[in-house]
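Contents: one structure, followed by commentary.
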Amino acid sequence: MSNILQKPGSKVLLMGNEAIARGFIEAGGGFASAYPGTPSTEIVETLSEIANSLGIYVEWSVNEKVALESAYGASISNVRALAAMKHVGLNVAADALASISYTGVKSGLVIVSAEDPSMWSSQNEQDNRYYGMLTYVPVFDPSDPQEAKDLTKAAFDLSEKLSHPILMTPTTRVSHTRSNVILDEIKPPKTKGFFLKDNSRFGLVPANSRTLRDKLINKWNSIKESLENFEPYNRIENIENGKVAIIASGVSYQYAKEVLNEIGNYRLIKISTPYPLPKKFILKGLEDIKRALVIEELEPIVENQIKNIVNEEGLDTEIEGKSYVGYSGEMSLDRARKAIKEFLGIHVKQTNIKKLNLSIPNRPPSFCPGCPHRGTFYSLKRAVNSLMIKPIFSGDIGCYSLGINSPYDEQDIILEMGGSIGVANGLSHVAENQVPIAIIGDSTFYHAGIPGLVNAVYNKSPLLLLVLDNMTTAMTGEQPDPSSGITAMGEETKTINIAKIAEGIGVEKVVVFDPFNIKESTDKLKEVLSYVIKEKKPAVAIAKKACALNAVRIANKIKVEIPIYQILENKCTGCGICYNAFACPAIFVKDDRKAWIEPSLCTGCGVCVQTCPYDAIKPVKIIDKRWDSIWE
Amino acid sequence: MGINSKINIVIAGVGGQGIITLSKIIGDAAVKENVKVLVAETHGLSQRGGSVEVHLRIGDVYAPLVPKGEADILLSMELIEAARNIDYLNQNGIVITSDVILRPPIPGVKLPKKEEIVSEFERNNIKYYIIPTKDLSEKAGSYLSENMVLLGALYKLADLEKFISIDSIKESIKTMRNPEINLKAFELGSSFITGI
């Protein structure tokens, strides 16, 4: 049995995201939706695995905006609902969020935006606590997995009590840290409700919005009041000690706590509600305090609010924060230690760091052995070289972003989800004698790519859209998407055909190719690129092949042996095309420059065979007849 | 707070080598013993064959990450990754690493040789143990059990006993697929250290 369903009182190891999922079911949540994105994915992934046994509804939505709108729909029909996304996903959902605070909610609605300071897997490290300020939505920020669970439950209760959405912003070190969690009772979920019509509240035409705006300002005061007594999430430790205080928000509390364990029990004010800060609580924390240091990641959200409170009250307490802590990147123990010690005037000892006198090569992530993207990028390079055109590779967010690395170098621009097509649209009208090629995956195409393609057809933009359709959301761990034919809860559903979408929109040239066939891929790509240049119209090419991780999983499940390939020693000349230009991580170079295929890594895609000019790569055994169909 | 009230372990490797499973086994065992544990993983992009690090802290700990220069143990599934992460090690820290070297799939990449890495460990007076994880895992019955070989060596060398009993570790291993192979791999890792 998964740890998430253990009985109340159990002590289990849970990842922060799993703990949020447990908090949701302890709160009797009935509806959960998300678009996958690191570090948020495991929240709804965990719920999808237990959905059928609990009878709750769980979906992978097509994007974050739809996920939030859907969760809102459930909430205003009296079912507790959660929408999860990564921080940049909230940009997509922000349009909905900014208006939801006007109408408020009925049953609890909690939006989880998993933040990624240090950008372990993101394009920026924006601080979404600002969205709380922008949209009048309270922000809760847990400090560890136990608190992530408990705070989720508290957020549902409070959201329902206040009829207002709540935004949770766990960071990577909460979402992706496993720790001891004590479980509470699972509340039987309420999964069906009734939407009681009230268009003066839910229909945001200007006349209604003006009234609701004034109501929201009044409501905000009661929201602030309700956070005044919010123990243990907001609390003052070592209150007997005055003069100086450390104030820490979210995961930074854990770093501050450990530093104070090392250097002495100064007063520590723990914040789990960075916005809005409860004023009376803060004033109580600042009693007998001359100087206080705020430890928080990214922007000075707590710091600035405390400075405001101190100003309003005419206190002479000195508030410091970013000048000691800095802005960029996630918190660390030495960063917190240095900031606190410098603030207190304690000498900071340099730690001795061991260093080897070696040059150690980077190990960036790369396409997996058998990844169909490798064949696509290899063929795309051959096609543009053979046509002698100047391509601009307008890239997007997904595994294929790794095409930015050598030897491919086929991602010139990467902005945000779906951005490849919009940017290529602009390029296509301006960049002279260059050919814009937008490169996007299936999940990202459904997410935010379709409007870009409509725009390109409508505005007659000469660009090639290349869709890498591996029938899954691969980067975040193979969550099903509209190309998969299966839902989050494991039910069969329609597969939404990308070629038909393109044709329906009015693209006149649409081709589908098999990226495992280098000749076919190169020929088809040349054909569509020539069409774009000659006809000055958009075209679409779709590389369709399963994600290798999924294919190998299916093969293991149905007991089809993976056909491993080997190098024929006598034929290999050591030319290096397979390991340098095709660059499969299963192919290694030996001291004599000849290639070697590592059997434990080879996934039997066989594409390297086609890249070898000397016919030196052969399967070890006869290939199972079912092998090809696994990749369809 | 006593000097040995906590243990800091940094686990390094390449995405797909099973270091997250390895850290979960220890984490589960710690929870069973009612000992505070923090297992912080860095993945996402990195699961695609990139460098991966897991920070594992046991005992009187709050912060999820081990600072540079403060790891008691650097445990690595790959030799180059051990060398890359040496800056985490504290002054008396020890390196426990597989002897496996995996070439990053970068055209024309130059790799340090095993002998070069070892001589750098020695020049810096670093206490190290190099474990033939591949051979021992194959002896256990599957090359997929390399991580359990390393866990066996870790349990012998680190002061883990103070926090977690061997029975709890074995109970955790029994929840894995192929428990017999994995338990055997764990034993082979342990007895390799005993045999040194």
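Just so we're on the same page: letters track the sequence lines, and every chain starts at 1. Treat the numbers as computed from the prediction; the structure is a model and nothing was measured.
- Looking at A:Ser359, the atoms closer than 4.5 Å to chain B (heavy atoms on both sides) all sit in the backbone: N, CA, C or O.
- Contacts between B:Val37 and chain A at a heavy-atom distance below 4.5 Å involve backbone atoms as well as side-chain atoms.
- Taking each heavy atom of B:Leu38 and A:Thr177 in turn, the nearest pair found is CD2-CG2, 4.0 Å.
- When A:Asp116, A:Ile360, A:Thr172, A:Val589 are compared by the number of non-hydrogen pairs under 4.5 Å with chain B, A:Ile360 comes out ahead.
- Residue contact with chain B, scored on non-hydrogen atoms closer than 4.5 Å, involves the backbone and the side chain of A:Asn362 alike.
- Heavy atoms of A:Arg335 lying under 4.5 Å from chain B are absent altogether.
- Residues that satisfy the side-chain hydrogen bond (donor to acceptor under 3.5 Å, both in side chains) test with B:His55, not counting sequence neighbours, are B:Glu53.
- Looking only at heavy-atom pairs under 4.5 Å with chain A, the residue among B:Asp87, B:Leu111, B:Thr175 that has the most is B:Asp87.
- Using a cutoff of 4.0 Å between basic side-chain nitrogens and carboxylate oxygens, B:Arg103 and A:Glu598 are not scored as salt-bridged.
- Closest approach of B:Ala40 to A:Arg173, counting heavy atoms only: CB-NH1, 4.0 Å.
- The part of A:Ile587 that comes within reach of chain B is its backbone (N, CA, C, O), which places non-hydrogen atoms under 4.5 angstrom from that chain.
- Each of B:Glu81, B:Lys68, B:Arg84 has some count of heavy-atom pairs under 4.5 Å with chain A, and the biggest count is that of B:Arg84.
- Closest of all the heavy-atom pairs between A:Met15 and B:Glu41 is CE-OE2, 3.6 Å.
- Comparing A:Thr41, A:Asn405, A:Leu356, A:Ile353 by heavy-atom pairs within less than 4.5 Å of chain B, the highest count is held by A:Leu356.
- Heavy-atom contacts from other residues, nucleotides or ligands closer than 6.0 Å to CD of B:Glu161 number 12 or fewer.
- Within residues 116-138 of chain B, the residues approaching chain A closer than 4.5 Å by heavy atoms are, in numerical order, B:Glu116, B:Ile117, B:Glu120, B:Phe121, B:Arg123, B:Asn124, B:Ile126, B:Lys134.
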Validation: residues 19-27 of chain B side-chain donor-acceptor distances under 3.5 Å, sequence neighbours left out:
residue : atom : partner : partner atom : Å
B:Ser23 : OG   : B:Ile19 : O            : 3.3
B:Ser23 : OG   : B:Ile20 : O            : 2.8

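- Among the candidates A:Cys584, A:Ser332, A:Pro369, A:Ser600, the residue making the largest number of heavy-atom pairs closer than 4.5 Å to chain B is A:Ser600.
- Each of B:Pro67, B:Ala30, B:Pro112 has some count of heavy-atom pairs under 4.5 Å with chain A, and the biggest count is that of B:Pro67.
- Between A:Glu330 and B:Leu65, some side-chain heavy-atom pair lies under the 4.5 Å cut-off.
- Of the two parts of A:Thr351, only the side chain, counted from C-beta on, holds a non-hydrogen atom closer than 4.5 Å to a non-hydrogen atom of chain B.
- No side-chain heavy atom of A:Val174 sits less than 4.5 Å from a side-chain heavy atom of B:Pro64.
- By the 6.0 Å contact criterion, NZ on A:Lys594 is enclosed, its count of non-hydrogen atoms from other residues, nucleotides or ligands being greater than 12.
- Listed here is the closest heavy atom pair of A:Arg363 and B:Ile80: NH2-CB, 3.9 Å.
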List the steps and the verdict of side-chain contact (heavy atoms from CB on, under 4.5 Å) for A:Leu333 and B:Arg57. CA-CA 13 Å; A:Leu333 196 50; B:Arg57 309 190 71 215; 4.3 Å; yes

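- Identified by a heavy-atom distance below 4.5 Å to chain A, contributing residues of residues 177-188 of chain B are lacking entirely.
- Within 6.0 Å of the NZ atom in A:Lys338, the count of heavy atoms belonging to other residues, nucleotides or ligands does not exceed 12.
- For chain B, the nearby part of A:Val12 is the backbone; its heavy atoms alone come within less than 4.5 Å.
- In plain terms, the two heavy atoms of A:Glu258 and B:Tyr62 that are nearest each other are OE1-N, 2.8 Å.
- Closest non-hydrogen pair, A:Asn180 versus B:Val35, comes out as ND2-O, 2.8 Å.
- A:Lys355 touches chain B through its backbone: at least one of N, CA, C or O sits under 4.5 Å from a heavy atom, while the side chain does not.
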